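Quick notes on the structure that follows.
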Amino acid sequence: KSGEMAKSTQLIDNDVFRAYATYATIVLLKMMSMSLITAYFRLTRKAFVNPEDVASFGKDENAKKYLRTDQDVERVRRGHLNDLENIVPFLGIGLLYALSGPELSTALLHFRIFTGARITHTFAYLIPLPQPGRGLSWAVGYAVTISMAYKVLKTALYL
C-alpha cells in the first residue's frame with residue numbers, strides 16, 4: 001500500500017525496494033568503474049603518486065619522472081569524488097524513500113532520473129562536454145535526492 005512503511009520480511013517482495021536495489025546497484029557499479037578508469041588513465045599517462053607504483057620503471061631519476069600529477073587523471077578523480085558526494089547520499093535517502101511506501105511509478109521515476117543524471121554527469125566529465133551539461137546533470141540528480149528526502153520527512157515525521 002502507498003504511504004505505509006514496509007516490513008523487513010516483505011522487502012524481497014516489495015517492488016519499490018527491488019527497484020531501489022536495481023538502480024542502487026547500477027550507480028554503485030558506475031561509481032566503481034571510475035576506479036578502473038582512473039587506473040587506466042594512470043597507466044596510459046604514466047602518472048603515479050606512490051614511489052612503489054613506479055618501481056617497475058627503475059629506481060633512478062628516470063623513474064621519478066612518473067611521480068607526477070596529470071590533468072586527465074585528476075579529471076577522472078574529480079568525477080569519482082563527485083560520485084562519492086552524490087551517490088552515497090542517494091543510497092541512504094533512496095533506501096529510506098523506498099521504505100516510506102511511495103507509488104512504484106513515482107519511485108521508478110526518481111531512481112531512473114537519478115541514475116540517468118549520474119551517467120550523463122560521468123560522460124560530461126570525461127569527454128568533457130561543454131557547460132552547462134555537467135552542471136545540469138549534477139543538479140538534476142541532486143534535486144531527485146532532495147525530492148526523495150522531502151517525501152521521507154513528510155511520511156516519517158509528518159512535515
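From a predicted model like this one, the values you see are computed outputs, not experimental measurements.
The closest donor-acceptor contact from the side chain of Asp70 to the backbone of Val73 lies under 3.5 Å. For Ser137 (side chain) and Arg134 (main-chain N/O), a donor-acceptor pair under 3.5 Å exists by modelled atom type. The backbone N or O of Phe111 lies less than 3.5 Å from a partner atom in the side chain of Thr115, making a donor-acceptor pair. The main-chain N or O of Leu91 is found under 3.5 Å from a side-chain atom of Tyr20 such that the two form a donor-acceptor pair.
A salt bridge does not link Asp72 to Arg75: none of the charged nitrogens lies less than 4.0 Å from a carboxylate oxygen.
One distance of note links CZ of Arg118 with CD1 of Ile26; it measures 14.5 Å at 0.5 Å rounding. Within the model, atoms CE of Met32 and OG1 of Thr25 stand 10.5 Å from one another, a figure rounded to the nearest 0.5 Å. Atom CE of Met148 is separated from atom OG1 of Thr106 by 12.5 Å, given to the nearest 0.5 angstrom.
In this structure, Gln71 places its CD atom where only 12 or fewer heavy-atom neighbours from other residues, nucleotides or ligands lie under 6.0 Å away.
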### Test side chain to side chain donor-acceptor pair (under 3.5 Å) applied to Asn82 and Arg77, step by step
CA-CA 9 Å; Asn82 193 276; Arg77 290 182 69 237; over 6 Å; no
### Query
Going through the checks in order, is the side-chain contact (heavy atoms from CB on, under 4.5 Å) test met by Val140 and Ile113?
CA-CA 8 Å; Val140 167; Ile113 290 172; 3.5 Å; yes
### Message
Between Tyr23 and Val27, is the side-chain contact (heavy atoms from CB on, under 4.5 Å) condition met? List the steps.
### Response
CA-CA 6 Å; Tyr23 289 97; Val27 294; 5.8 Å; no
